[in-house]
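Beneath this line is the structure, given in structure tokens, with notes to follow.
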Amino acid sequence: MSFDQINDRRGTNCSKWDLMEPAFGVPAKDGLAMWIADMDFKAPPFLQDAMRDLLERGDYGYFCGLEKFTDAIQWWMKERHGWSVDADTMFTTYGLGNGIAIALQALTEPGDEIIIFTPVYHEFAIKIGKTGRVVKELPLEQDEDGLYRMDFERYESLLSGRERLVLFSSPHNPAGRVWTQDELSALAAFCIKHDLLLISDEIHMDLTFAGQTHLPMAVAAPEIADRLVMTTSASKSFNIAGTRTGTVSIPDPKLRARFEGFFRKLDMQPNLMGVRLTQAAYTPDGAAWIDDLTAYIEENARVFKDGIDAIPGLSAMPMQGTYLSWVDFSATGMARAEFSDRVAQKARIAATPGHTLGTGGEAFLRFNLGTQRARVIEAVARMQDAFSDLQ
């Protein structure tokens, strides 16, 4: 399939495109939706084949045979990420947001402080608040290369002693950071020192660029197996978030029993479509498609960054993975309302407001590059026109 083929999702009840105008005032007719983190590519043939098989069977009733589903997950994690995950440690949830919310409720108490490294995916703070826990922001810092780093020496002075858990994004959303072994080891040591549990959200794990290697936390830091919750899904990699299917893996028996005690009360079962599409995705065909996809997105990222960096006062953070570009407007001297208005009204682009991602995001917008190259090129042209007075 060609990733360049335009896929018009407008008028299909697609959240990314059909909520663009009410959410941002960006006109549906000619606006560019670059906010919600899903992609505009049509489903690859192997996913379509799986759906056709379901249609031809015409059977959507109760089902069994989850062994093939777990086998596919195990194969993928071992083959692609060097992670040998035991099927007995896995739970299927209604997507990773649901899995994270369950883990927060099962493993912490109302009023506990939950650490997030900001700026970070806005749903982290939302879910912490919804479950009656307290957001504890520890700010990321940019190094000389413009990349985010965790500063654990600084964090020591920011702790209250009421922290119980770290909610971690790996690879990082919105900055596209692929964390190194040293960084993950330092995070593990920090968790051990302060007796913190760790939920590692690795939903973007497959989307890494050339020269980068994603290390699952379970592989990078086996020393924290007794306090680790791994969350994974095929949803971002294969754009099947609508199936609401994710996996929570907890290696430690005691921690797993705590999670399971809460999980079983919800009487949750996986859905048929999510199971079948995940099985179809986690295959050699899926692996080849992901390799082609990440190469395409990496070139999108290069085109976008080159174009954005050419605008005085704007800077796109270097990406190592994901399809999310984090653009800094601070050097324009503009207030958030002004640069946001230019992007939405003059450029007619819907981008995620950076301030919703926590401390450090106030001067940023997040742009989704998981779309056709022509749209990325058009977005750059519109941005250069919207800020042409800065030339």
Side-chain angles (χ1 to χ4, degrees), residues 37 100 113-129 133-160 163 165-191 193-194 196-205 207-209 212 214-217 220-221 224 231 301 305 308-309 314-331 336 351-368:
I100 289 169
E113 293 187 4
I114 310 299
I115 292 172
I116 57 176
F117 301 108
T118 60
V120 72
Y121 178 45
H122 53 280
E123 280 290 333
F124 278 10
I126 291 171
K127 283 174 175 52
I128 292 168
R133 278 64 178 169
V134 177
V135 173
K136 180 59 173 284
E137 294 187 344
L138 298 182
L140 295 168
E141 296 186 359
Q142 283 185 265
D143 66 13
E144 62 276 7
D145 297 319
L147 298 174
Y148 277 142
R149 303 286 182 184
M150 294 175 283
D151 185 349
F152 293 105
E153 288 188 12
R154 180 187 177 193
Y155 299 156
E156 291 291 334
S157 64
L158 300 178
L159 299 181
S160 67
E163 299 85 3
L165 184 146
V166 174
L167 181 50
F168 185 57
S169 178
S170 179
H172 184 263
N173 169 5
R177 266 306 316 274
V178 176
W179 305 106
T180 66
Q181 175 66 63
D182 287 346
E183 289 171 313
L184 296 175
S185 294
L187 173 58
F190 178 78
C191 290
K193 179 178 180 179
H194 296 285
L196 299 166
L197 301 177
L198 175 65
I199 300 175
S200 189
D201 177 355
E202 308 201 6
I203 199 167
H204 291 280
M205 66 193 307
L207 305 175
T208 56
F209 296 168
Q212 302 293 327
H214 171 76
L215 294 171
M217 198 69 197
I224 61 164
T231 65
K305 179 173 172 56
I308 293 299
D309 288 354
L314 274 64
S315 175
M317 189 172 286
M319 292 172 61
Q320 299 173 324
T322 81
Y323 48 75
L324 302 169
S325 179
W326 192 228
V327 177
D328 185 359
F329 293 79
S330 60
R336 173 163 55 88
T352 303
H355 72 280
T356 66
L357 281 72
T359 299
E362 298 84 357
F364 287 80
L365 294 176
R366 189 190 74 176
F367 292 78
N368 180 346

*Trace of the side chain to side chain contact (heavy atoms under 4.5 Å, CB included) decision for Leu147 with Gln320*: CA-CA 10 Å; Leu147 298 174; Gln320 299 173 324; 3.8 Å; yes
_Quick check: closest heavy atoms across Pro119 and Pro174, and the distance to 0.1 Å?_
O-CD, 3.7 Å
*Under the side chain to side chain contact (heavy atoms under 4.5 Å, CB included) criterion, do Phe364 and Leu357 qualify, and how do the steps go?*
CA-CA 9 Å; Phe364 287 80; Leu357 281 72; over 6 Å; no
*For Trp179 and Ser169, indicate whether the former's side chain and the latter's backbone hold a donor-acceptor pair under 3.5 Å.*
yes
*Would a 4.5 Å heavy-atom cut-off, applied to side chains only, mark Glu123 and Ile100 as touching?*
no
*Hey, what's the ring geometry for Tyr323 with His204, parallel, tilted or perpendicular (30° and 60° as the breaks)?*
perpendicular
_Quick one, Lys127 and Arg133 - any side-chain contact, counting heavy atoms below 4.5 Å?_
no
_Pairing residues for Ala316 by the side-chain contact (heavy atoms from CB on, under 4.5 Å) criterion, not counting sequence neighbours_ = Lys305, Ile308, Asp309, Ser325, Val327
*Any side-chain donor-acceptor pair under 3.5 Å between Asp328 and Ser330?*
yes
*Minimum-distance pair of heavy atoms, taken over all atoms of Glu137 and Val135*: CG-CG1, 3.8 Å
*Search all heavy atoms of Ala175 against all heavy atoms of Met317 and return the closest pair with its distance.*
CB-SD, 3.5 Å
*asked:* For Ala220, is there any backbone N or O sitting under 3.5 Å from a side-chain donor or acceptor partner on Gln181?
replied: yes
_Rounded distance (nearest 0.5 Å) linking atom CZ of Phe190 with atom CD1 of Ile115_ = 4.5 Å
*Rounded to the nearest 0.5 Å, how far does CD of Glu144 lie from CZ of Arg149?*
7.5 Å
*Side chain to side chain, Phe329 and Arg336, heavy atoms closer than 4.5 Å*: no
*Is there a side-chain contact between Tyr121 and Leu324, using heavy atoms and a 4.5 Å cut-off?*
no
*CD1 of Ile114 to CG of Leu197: how many Å apart, nearest 0.5 Å?*
8.5 Å
*Return yes if some donor-acceptor pair links the side-chain N/O of Glu202 with the main-chain N/O of Met217 below 3.5 Å, else return no.*
yes
_If you compare all heavy atoms of Lys136 against all heavy atoms of Leu159, which two are closest, and at what distance to 0.1 Å?_
NZ-CA, 3.7 Å
*Please tell me if the side chains of Met205 and Pro216 come closer than 4.5 Å, counting only heavy atoms from C-beta onward.*
yes
*Identify the two heavy atoms, one from Leu365 and one from Ala351, that lie closest to each other, and give their separation to 0.1 Å.*
CB-CB, 4.2 Å
*Could you pull out all residues at least two apart from Phe209 that satisfy ring-ring contact (aromatic ring centres under 6.0 Å, His included)?*
none
_Nearest 0.5 Å, please: how far is OG in Ser200 from CD1 in Ile224?_
8.0 Å
_Are the side chains of Tyr148 and Glu141 in contact, using a 4.5 Å heavy-atom criterion?_
no
*asked:* Just so I know, are the side chains of Ile199 and Val166 near enough to count as touching, which here means a heavy-atom distance under 4.5 Å?
replied: no
_What's the separation between atom CZ in Phe117 and atom CZ in Phe152, rounded to the nearest 0.5 Å?_
4.5 Å
_Heavy-atom pair of closest approach, residues Ala125 and Ile116_ = CB-CD1, 4.3 Å
*His172 NE2 to Thr322 OG1 distance, which is reported to the nearest 0.5 Å*: 10.0 Å
*asked:* Quick one, Pro139 and Tyr155 - any side-chain contact, counting heavy atoms below 4.5 Å?
replied: yes
*asked:* Between Asp143 (side chain only) and Asp145 (backbone N and O only), is there a donor and an acceptor less than 3.5 Å apart?
replied: yes
